[in-house]
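Bear in mind the structure is a predicted one, so any value in this text is a computation, not a measurement. To find a chain, count down the sequence lines: A is the first, B the second, and so on, and within it residues start at 1.
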2 protein chains.
Amino acid sequence: MGLDQASTKPHEELARHLSGRLEAVNTLIRERMASRHAPRIPEVTAHLVEAGGKRLRPMLTLATADLCGYDGDFDVNLAATVEFIHTATLLHDDVVDESEQRRGRPTANLLWDNKSSVLVGDYLFARAFQLMVETGSLRVLDILSNAAATIAEGEVLQLSAARDLKTDEDIYLQIVRGKTAALFSAATEVGGVISGSDEERITALYDYGDALGIAFQIADDLLDYQGDAKATGKNVGDDFRERKLTLPVIKAVADATVEERAFWKRTIEKGDQREGDLEEAMAILNRHEALERTRDDAMAWANRAKEAMGKLPEHDVRRMLIELADYVVARLT
Amino acid sequence: MGLDQASTKPHEELARHLSGRLEAVNTLIRERMASRHAPRIPEVTAHLVEAGGKRLRPMLTLATADLCGYDGDFDVNLAATVEFIHTATLLHDDVVDESEQRRGRPTANLLWDNKSSVLVGDYLFARAFQLMVETGSLRVLDILSNAAATIAEGEVLQLSAARDLKTDEDIYLQIVRGKTAALFSAATEVGGVISGSDEERITALYDYGDALGIAFQIADDLLDYQGDAKATGKNVGDDFRERKLTLPVIKAVADATVEERAFWKRTIEKGDQREGDLEEAMAILNRHEALERTRDDAMAWANRAKEAMGKLPEHDVRRMLIELADYVVARLT
């Protein structure tokens, strides 16, 4: 299945199935993003929230609530919560990244934008908490505040681990849970919780979101080395150039010869990169079958996601969510 | 009453009175600040949280809970929550400020620190929410998530309003509520809420915190123009040099002659500051009695705080909180 087979994309089928609820989420997002006192806020967020992203995370909440037979209104609140947390994280992630690309000499304008990104991100976090407080469910609040802590912890961990060759697969997994899977699993878990589902189903929904998020992130990291720039919008080797230690390189480092280790130390840890280094990195990755083994990991996580979803009752949405797990890794084959 | 009359400082008397609870708050802060996965987190926060700040905000929660006869343990949770939110805000405030002082050319190290500040601040926000979820009080969650939104909104508003001569006293008050008073009033209000106080007392506690916070911030802004650098740790005129429109200047702008308006436009809006401008600014402020009138406002807010506190029952802590309102503005006379 390729990215161009529009009619079969499971997230699009989900979006069609959930279109009424998604519309309500979009309305709520626009409403709560507004600020009477600080008109700059919607200016900053509009391009992120309105840009017609896939709304994957809020859809996970709507879909799991639907699957569990929920018929109240808080699925919309929680879907908007999840999207606000996601958008806030994106805003905070952007801080400094852009500046770094300009060789550590950001313009005053970039700095000003950094400050806006930080403060508007904080505003969205606060709005997210207000939205979930409205549900009146302490369990939901517990799940989402834990997710927020895991996200921040994962991001901080990434700061110190990203360029450190001692970073192993366990640490990578913690980082991936923080940057991606924690919000996926919270999004699916709260769908079950507000529906009053039994514990077994809630656990299965958590497991599905966790495994889907991990598969999604591993696929993303793999595509950085083997992707088609037109399809992914990323250039091959961006992570290498930015000295980010992701799963393919972690696998290659674990098996490295003395010479290879010196190569990774120079290019990733010290950041001394020269012409031809990306080609050399690709050759080492291929020598150790690091890309194939990374793809196997992504597939294994997608299978775990499907397995977990199999514990839910039969339902059109269950089929779509199972297909979504396939779709996340289908672009790798 | 001056800053040097150590034995009569009301916040020190409060700290002595609450020392057992404060100790518990400090222990909880250290415990929750730790991160098994990301040791960088306590590194970043330690200098802020450990530095032996006055712990004014957490003391407000402990004191109001005590005043209302609370005998549970959640006052400690909420005091730590309030301190975490305060510390997170400080971390996010610092982003870029320091860099700006280096003429828009921060070093790579400063940028790296910016990123840490953002992410560790996010971690503390998330931890703060976890701490308040533990209290199981939806009303407390509502109050503190609203405060968090007001804080962020005020900070964003300040970004656009600080250098705009159209900023009037109403907008200034909104900014001050955001940057200072919202957390003060949330801190005092939740002290009443967890104690199960009646609505009248809870309102009085909110009003006390709100007015105390506003008095505190106006005093701070005034001291920037008339303070003793040794006592305040700030240089006279920092806000002027950083082109921050605070209450003294807002009052002078409202009464400005055509020439004076041109002066403010050049120095604050355009940022074209020359030798002797601070002296000229002081002369204009004095001409319009802007500092005296700003001090009158601070006094009036301190009086409102005392009046609100007068609605609470007689209690040693009530006396200390009333003295605290006096103390906040005593340094201005």
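The aromatic rings of B:Phe129 and A:Phe129 lie parallel to each other, with less than 30° between the two planes, well short of the 60° mark.
Here the shortest heavy-atom pairing between A:Val156 and B:Leu119 reads CG2-CB, 3.7 Å. The minimum heavy-atom distance linking B:Ala148 with A:Ala126 is given by the pair C-CB, 3.6 Å.
Here the side chains of B:His92 and A:His92 are in contact, with some heavy-atom distance below 4.5 Å. Side chains of A:Ser116 and B:Leu159 form a contact here, defined as non-hydrogen atoms less than 4.5 Å apart. Using a 4.5 Å heavy-atom cutoff, the side chains of B:Asp122 and A:Thr89 are not in contact.
To the nearest 0.5 Å, atoms CG (B:Leu157) and OH (A:Tyr123) are separated by 11.5 Å. Rounded to the nearest 0.5 Å, atoms CG (A:Asn114) and CG (B:Asn114) are 7.0 Å apart.
Looking at B:Gln174, only its side chain comes within 4.5 Å of chain A, counting heavy atoms on both sides.
The six-membered or imidazole ring of B:Phe125 lies away from that of A:Phe125, with a centre-to-centre distance of 6.0 Å or more.
Between chain B and the residues A:Ile175, A:Asn146, A:Val120, the most heavy-atom pairs under 4.5 angstrom are made by A:Asn146. In terms of heavy-atom pairs under 4.5 angstrom with chain B, the leader among A:Ser145, A:Gly154, A:Ala152 is A:Ser145.
Distance alone, capped at 3.5 Å, is enough to place a donor-acceptor pair between the A:Lys115 side chain and the B:Asp93 backbone.
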